[in-house]
Amino acid sequence: MDVTDVTPQLDQLETELTKAEQTLAPLLGDLSDISSKLPLLDKAKLYVLVTYTIESLLFSALRLNGVDTKNHAIFTELARVRQYMEKIQKLENPPQERDKTVNTEATARILKADLADNKEIKSKLSELIAREREKAAAKAAAAAEKKRPAEDSAADSSAAETGSEKPSKRQKHKGNRKKK
């Protein structure tokens, strides 16, 4: 078994690590002092950016030396740090809140209960509710027709080809609703 002397490579590694430490010392030396004065979100951002910078430098050095970085552990580390950056970005820019909507059914119930004594207002309210229900039903029917026109036409054409008058699933379903 032939053992080669690795002492020169270890010496070179030590020299390179010393250079890297000296180069990064201004950046990393005061990092804890700087971060202790920052709010929590800014502190997280600082640490993630420093980590990303170091990982990017290592990635670049590996690429320059011809290493396949796609299959290297540095690639997964960069992806992990990017995920942290995305999480911080989401915290800084939260999604827009939904617009508040009025629950018309609850409003109608409240108005009916409060205005039950006045017959004229009660009849107008009943008419309004009936119109709103018709609009909602028409809108739902239009949306259902838009949603699956290919299935309906395919079912209709297959029924016409076989000569049977079998109702489609949608027609069966509508029939079941009326029975309930």
Side-chain angles (χ1 to χ4, degrees), residues 1-107 135-158 168-174 176-177:
M1 190 166 177
D2 187 27
V3 178
T4 58
D5 189 24
V6 293
T7 308
Q9 286 88 5
L10 289 175
D11 291 338
Q12 182 182 4
L13 176 64
E14 186 177 353
T15 307
E16 295 297 324
L17 285 175
T18 305
K19 283 183 189 177
E21 286 176 356
Q22 290 172 353
T23 305
L24 295 174
L27 179 64
L28 300 176
D30 299 325
L31 191 60
S32 61
D33 293 336
I34 293 169
S35 67
S36 65
K37 300 172 187 172
L38 294 174
L40 187 61
L41 186 61
D42 290 338
K43 185 186 292 189
K45 197 187 227 181
L46 175 69
Y47 280 122
V48 167
L49 288 175
V50 167
T51 304
Y52 189 76
T53 303
I54 293 170
E55 297 286 340
S56 296
L57 289 171
L58 290 171
F59 180 82
S60 299
L62 288 171
R63 290 284 307 252
L64 287 172
N65 289 322
V67 176
D68 181 24
T69 53
K70 296 284 182 189
N71 298 323
H72 198 275
I74 195 73
F75 194 74
T76 56
E77 276 298 304
L78 275 171
R80 183 180 66 85
V81 173
R82 267 192 228 116
Q83 287 176 345
Y84 285 126
M85 291 172 75
E86 289 171 5
K87 287 179 183 180
I88 290 172
Q89 186 71 26
K90 284 180 185 176
L91 286 174
E92 286 183 320
N93 303 322
Q96 299 291 330
E97 289 187 29
R98 285 185 30 199
D99 293 333
K100 305 220 187 273
T101 58
V102 176
N103 187 344
T104 54
E105 292 176 7
T107 306
K135 284 181 188 177
K139 192 182 279 188
E145 287 178 18
K146 262 188 176 177
K147 193 172 186 181
R148 297 184 186 195
E151 283 185 14
D152 288 343
S153 63
D156 293 342
S157 64
S158 66
S168 68
K169 288 182 182 179
R170 179 173 285 128
Q171 291 169 342
K172 285 181 184 177
H173 188 63
K174 284 181 182 176
N176 289 342
R177 275 194 210 152

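- Atoms CD and NZ, on Q22 and K19 in that order, are 9.5 Å from each other to the nearest 0.5 Å.
- The nearest pair of heavy atoms linking L49 to M85 is CD2-CE, 3.9 Å.
- Atom-to-atom distance recorded for L46:CG and L41:CG is 11.5 Å, nearest 0.5 angstrom.
- Atom CG of L10 has more than 12 neighbouring heavy atoms from other residues, nucleotides or ligands inside a 6.0 Å radius.
- No more than 12 heavy atoms of other residues, nucleotides or ligands shown are found within 6.0 angstrom of OH on Y84.
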Donor-acceptor pairs under 3.5 Å, side chain of residues 59-79 to any protein atom, not counting sequence neighbours: which ones?
from	atom 1	to	atom 2	distance (Å)
S60	OG	S56	O	2.9
N65	ND2	A61	O	3.2
D68	OD2	N71	ND2	2.6
H72	ND1	I74	N	3.1
T76	OG1	A73	O	2.7
E77	OE1	R80	NE	3.4
E77	OE1	R80	NH2	2.7
E77	OE2	R80	NE	3.4

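- Surrounding CD of Q9 are more than 12 heavy atoms belonging to other residues, nucleotides or ligands, all under 6.0 Å away.
- Separating the CD1 atom in I88 from the CG atom in N93 is a distance of 12.0 Å, to the nearest 0.5 Å.
- The OG1 atom of T7 sits 6.5 Å away from the CG atom of D11 when rounded to the nearest 0.5 Å.
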